[in-house]
There are 2 protein chains.
Amino acid sequence: MMQAELLKIRINHQGNTALGPGKIELLQHIAQHGSISAAAKQMRMSYRRAWELVDMMNRSFDQPVVVSTTGGAHGGGAQVTAFGQALMLAYAQILQKTAQAAADELHLINQHLKKI
Amino acid sequence: MMQAELLKIRINHQGNTALGPGKIELLQHIAQHGSISAAAKQMRMSYRRAWELVDMMNRSFDQPVVVSTTGGAHGGGAQVTAFGQALMLAYAQILQKTAQAAADELHLINQHLKKI
DNA sequence: TCTCGTAATGTATGTTTGAATATAACGATG
DNA sequence: CATCGTTATATTCAAACATACATTACGAGA
């Protein structure tokens, strides 16, 4: 079996996390639902917090990761921009490549992590 | 110039961080000084917290990362075990290999992270 | 047996973080 | 122009976390 979630990777930006597991998962849900509130609900996260994470990402990069509209037929919504999707793809590739590159060391470490 | 600290890597163990930047730095200082309290002082961390990090590491792995003696001529001390040193080496190699493996994606992301 | 510096543990306080709640702004649609 | 669900923001509360401080345990050496 493949060792599940041994490696956690974050992209640092001035002491904060510009991109990490949580923000990426949130982006996936937003892309899927077209809504911050629906994404938050599915992740059992407060809307407030989800919005803050989105805002943090938008302020970390030189172009928006998520754009939103307010009002309208269904109250508005949010979309992951092409740039945001590129980030998601890049992050997925980083996960894959790093896990592969560090496989030997991770295996060594995992051998000595306590089970249960 | 080499981009400084873009990638932050943690080794996860049952929801907690078994190994990360802070714990590794602490191990380096303990190895250097032979003392948890001296390491804590140099890192401007409370002794209490440093001890807790050491304890967390020792409980994460199947063998101790740091061993300590109490009392005696100089009050005691702490040493990083051979296993602990192996972990430090493995972590350093992970840092190097992952940064190299993900260089392209990191470069892309870094291009769009806000400067200042 | 007293001293010394460190390990180990307890306690209290303050700061940060997140959850919960409330409310306003918004604009397509009927 | 009233309704609707969502974005956006403010406020309050509780919990988690870190820090600071205090205390005890320990054992070699004077």
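As the structure is a prediction and not an experimental result, all values here were calculated from the model. Chain letters run A, B, ... following the sequence lines, proteins first, then strands; residues in each count from 1. The basis for the numbers below is simple: all heavy atoms, side chains too, and nothing from hydrogens, waters or symmetry mates.
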Whole-Å distance, B:Glu52 CD to D:dA18 C1', equals 9 Å
Within this structure, what is the CG-to-P distance between B:Leu53 and C:dA8, rounded to whole angstrom? 14 Å
Strictly below 4.0 Å: does A:Ser37 bring a side-chain N or O up to OP1 or OP2 of D:dG5? no
By nearest-nucleotide position on DNA chain C, the 5'-leaning member of A:Met45 and A:Gly75 is A:Met45
Under 4.0 Å between a side-chain N/O of B:Thr69 and OP1 or OP2 of C:dT6, yes or no? no
Between B:Thr70 and D:dC26, is there a contact of a side-chain N or O with OP1 or OP2 at under 4.0 Å? no
As a test of reading the structure: which of D:dT7, D:dA28, C:dA7 is closest to the side chain of B:Tyr47, going by heavy atoms? C:dA7
With a 4.5 Å heavy-atom cut-off, do B:Leu87 and B:Ile11 have their side chains touching? no
B:Arg49 CZ - C:dT9 P separation (whole Å): 17 Å
What is the separation between atom NZ on A:Lys41 and atom C1' on C:dA20, rounded to the nearest whole Å? 15 Å
Does C:dA8 have OP1 or OP2 under 4.0 Å away from a side-chain N or O of B:Ser68? yes
If two hydrophobic side chains count as joined below 4.5 Å and joins carry through other members, does B:Val67 share a cluster with B:Ile24? no
Enter the distance from A:Met56:CE to A:His13:NE2 here, rounded to the nearest 0.5 Å. 12.5 Å
When rounded to the nearest 0.5 angstrom, what distance separates CG in B:Leu7 from OG1 in B:Thr98? 5.0 Å
Check: D:dA22 base within 3.5 Å donor-acceptor of B:Arg48 side chain: no
Over how many whole Å does the gap from B:Ile36 atom CD1 to C:dG5 atom C1' extend? 14 Å
Atom CD of B:Gln32: over 12 foreign heavy atoms under 6.0 Å: yes
The side chain of B:Ala73 lies closest to which of these nucleotides: D:dA28, C:dA7, D:dT6? D:dA28
When A:Gly71 and A:Asp55 are each assigned the nearest nucleotide of DNA chain D, the 5'-most assignment goes to A:Gly71
So, OP1 or OP2 of D:dA8: does either fall under 4.0 Å of a side-chain N or O from A:Trp51? yes
Whole Å only: how far is the CE atom of A:Met43 from the C1' atom of C:dG18? 14 Å
DNA chain C: A:His74 or B:Gly76, which has the more 5' nearest nucleotide? B:Gly76
